[in-house]
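We count ligands from 1, going down the list as the structure has it; atoms in each ligand are counted the same way.
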Amino acid sequence: MKKPTPLESLIVAMIREDGPMPLDRYMALCLGHPLHGYYMSRDPFGPDGDFITAPEISQIFGELVGIWCAAAFQALGTPSRFSLIELGPGRGTLMSDVLRATRVMPGFNDGAQIHLVETSPTLRKLQSEKLGAQVTWHETVDSLPDGPSIIIANEFFDALPIRQYEFHQGQWMERRIGLSADDRLVLGRTAFPLAGPPASEGAIFETGPTRDDIARRIGAHLARFPGALIVFDYGHAASALGDTLQAVRRHKFCSILDRPGEADLTSHVDFESLRRALTQGGAVIFGPITQRQFLLAMGIETRAALLSRKAKLAERKIIAHATERLAGENQMGNLFKVMAATSPGLATPYPFGSP
Ligand code: SAH
C-alpha cells in the first residue's frame with residue numbers, strides 16, 4: 001500500500017480525534033491547508049499541470065471579458081476611480097488579458113484599482129509577476145474596498161467547499177469521511193436531520209455553505225455600492241440531485257480520497273443557489289446563459305478571424321482549436337455557464353436578457 005501523503009496523515013489524526021469529517025472541511029483542507037493544500041504550494045494550471053482553464057486556453061477569452069468590463073464601466077458612469085476585483089485569479093492571465101482589452105476604453109485603466117482575492121502564496125507570487133506591484137490582495141471578500149466595483153470570477157466558485165447528503169434507507173444522511181479498520185480514508189454516512197423530500201436510495205444532494213456565504217456578501221456589496229459581477233463556471237442552471245464532486249490529478253479523474261492535497265477537488269456550481277444567495281444580498285441577477293452564448297455574442301468568431309489573419313498556418317490551427325474548446329457545443333461552450341449580477345437600477349448588461 002502506498003505511503004499516505006502528509007495531509008492524509010493529518011486528516012487521519014483529526015478523524016481519530018473528532019470523528020467523521022464533513023466533506024466541506026475535507027475539501028477546505030485538501031485545497032487550502034497552509035502547508036499541504038493543493039493550491040498553496042503549486043501552480044496547477046497549464047499543459048504540464050493538472051487542468052487548464054479558459055484564460056489559459058486562449059487570450060481571446062480574457063479580451064472578451066475585458067470588453068464586457070468596459071461596457072460595465074460605462075454603465076457605472078465611467079467612475080474616475082473604481083475597484084477591478086478578481087476572485088481566485090490563478091496565474092493572473094485573465095486579469096492581464098482584460099487590462100489589455102480595456103486600454104481602448106478611455107479612463108478605464110487609469111481609474112482601475114486592482115484587487116485580487118487569493119489565498120495561495122504561490123499563486124499570489126505568479127500574479128504579482130504578471131500584473132506588477134499595483135495590486136492589492138485579500139484573503140477573503142470581507143475586506144473588499146467601498147465604492148464602485150467590477151468583479152470577475154472564473155472557476156472560483158467550483159473550488160469552494162461543499163457538503164453532500166445521501167438518501168439511505170428512508171432518510172437523508174450526511175456523507176462524511178471516516179476511517180477503515182486499517183486507518184485509510186473511507187466515505188461514510190452519518191445521521192443528519194435534513195428536512196427534505198424523499199428520494200431514491202443513494203440519491204445525493206449537495207449544498208455549498210461557503211459559496212452561498214461569499215455570494216451573499218458580494219450581493220450585499222453590490223447593493224451598497226454601484227457595481228457589476230460576472231461569473232463563469234461549470235454547473236447547472238437549476239438545482240438537481242447528483243454527485244458532482246470530482247478530483248483531478250495530472251489531467252485525469254481520480255477518487256476524492258486519493259492522495260489528499262495532491263489532486264484538485266471541485267464540484268459543479270448550482271447556479272440556482274448562487275442566484276438565490278446573490279439576490280439575498282441585494283443584487284439583481286442576469287442569466288445564467290451558456291459560455292457559448294456569451295462568447296458568440298461578444299464576438300469570439302470575429303476576434304479569432306482577426307488574430308488568424310496575422311498568423312501562420314500552425315498558429316491558425318491553434319486559434320481555431322482554442323475557439324472550439326471555449327465555445328464548442330460539446331466542449332466548454334455548453335458545460336460552462338455565465339451569470340451576471342449588478343446593483344439595483346443599472347441597465348441590463350449585454351448580452352444577457354432582462355433579469
Ligand atoms: N480564475 C483562474 C483560476 C481558477 S482556480 C483561471 O481561470 O485560471 C481557483 C482559484 O481560486 C485559484 O487561484 C485558487 O488559489 C483560488 N482559491 C481557491 N479557494 C479560494 C478561497 N477560499 N479564497 C480565495 N481564493 C481561493
Side-chain angles (χ1 to χ4, degrees), residues 24-66 69 84-99 114-131 135-144 151-162 208-215 217-218 229-235 246-249 261 263-269 291 294-295 322 325-326 332 335-338:
D24 57 347
R25 175 94 181 105
Y26 178 74
M27 211 173 155
L29 285 168
C30 286
L31 296 179
H33 183 278
L35 277 182
H36 309 301
Y38 178 75
Y39 283 117
M40 300 317 254
S41 53
R42 75 189 77 215
D43 169 17
F45 308 102
D48 303 324
D50 292 312
F51 60 96
I52 185 159
T53 56
E56 303 297 337
I57 290 174
S58 167
Q59 66 182 78
I60 299 178
F61 181 80
E63 290 168 353
L64 296 178
V65 176
C69 291
L84 181 59
I85 300 167
E86 187 175 353
L87 312 177
R91 281 178 169 173
T93 309
L94 175 54
M95 182 57 86
S96 131
D97 291 339
V98 162
L99 290 170
I114 300 173
H115 293 267
L116 306 176
V117 179
E118 176 60 71
T119 39
S120 158
T122 309
L123 293 176
R124 281 188 183 198
K125 189 155 168 286
L126 290 178
Q127 291 153 18
S128 81
E129 282 163 13
K130 193 101 182 206
L131 300 166
V135 169
T136 310
W137 280 276
H138 302 259
E139 270 307 295
T140 71
V141 295
D142 296 341
S143 53
L144 291 179
I151 309 172
I152 310 166
N154 183 59
E155 290 209 44
F156 169 71
F157 286 98
D158 67 40
L160 299 176
I162 60 154
T210 313
R211 191 184 281 167
D212 291 349
D213 183 57
I214 291 178
R217 284 166 200 266
I218 290 175
L229 160 78
I230 188 152
V231 175
F232 300 82
D233 230 310
Y234 54 118
Q246 62 184 36
V248 170
R249 196 164 154 246
D264 185 38
L265 298 182
T266 57
S267 72
H268 285 205
V269 173
Q291 179 163 299
F294 178 85
L295 293 176
R325 250 183 112 173
L326 291 174
M332 294 169 86
L335 182 59
F336 276 69
K337 309 287 183 295
V338 193

Within-shell test, Val117 vs ligand 1, heavy atom, strictly < 4.0 Å: yes
Pro55 touching ligand 1 at heavy-atom level, < 4.0 angstrom: yes
[atom]: which protein heavy atom is closest, and how many Å away?
| atom | result |
| --- | --- |
| atom 6 (C) of ligand 1 | Thr53 OG1, 3.3 Å |
| atom 17 (N) of ligand 1 | Thr119 OG1, 4.0 Å |
| atom 3 (C) of ligand 1 | Gly88 O, 3.4 Å |

Residues Asp142, Arg217: salt bridge by 4.0 Å N-O rule: yes
Ionic contact status for Arg91 with Asp43, cut-off 4.0 Å: yes
Atom CZ of Arg124: over 12 foreign heavy atoms under 6.0 Å: yes
Qualifying salt bridge (Lys or Arg N to Asp or Glu O under 4.0 Å) pairs with a residue from residues 27-37, counting only residues at least two apart or across chains: none
Option set Phe156, Tyr39, Phe232, criterion heavy-atom distance to atom 5 (S) of ligand 1, minimum: Tyr39
Shortest heavy-atom approach to atom 14 (C) of ligand 1 - which of Glu86, Gln127, Glu155, Glu118: Glu118
Aromatic ring pairing Tyr234/Phe336, orientation class (parallel under 30°, perpendicular over 60°, tilted between): tilted
Aromatic ring pairing His138/His115, orientation class (parallel under 30°, perpendicular over 60°, tilted between): tilted
Check: Ala159 N/O within less than 3.5 Å of ligand 1 N/O: no
Is ligand 1 under 4.0 Å from a heavy atom in the side chain of [X], in the backbone, in both, or in neither?
| X | result |
| --- | --- |
| Asn154 | both |
| Leu160 | side chain |
| Pro44 | neither |

Side chains of Thr53 and Glu155, donor plus acceptor under 3.5 Å: no
Distance, nearest 0.5 Å, that separates CG of Leu326 from CG of Leu295: 6.0 Å
For Gly90, atoms of ligand 1 separated by under 4.0 Å from a heavy atom: 2 (C), 3 (C), 13 (O)
Proximal ligand 1 atoms for Leu123, defined as those under 4.0 Å from one of its heavy atoms: 12 (C), 13 (O), 15 (O)
Contacts of type salt bridge (Lys or Arg N to Asp or Glu O under 4.0 Å), residue Arg42, not counting sequence neighbours: none
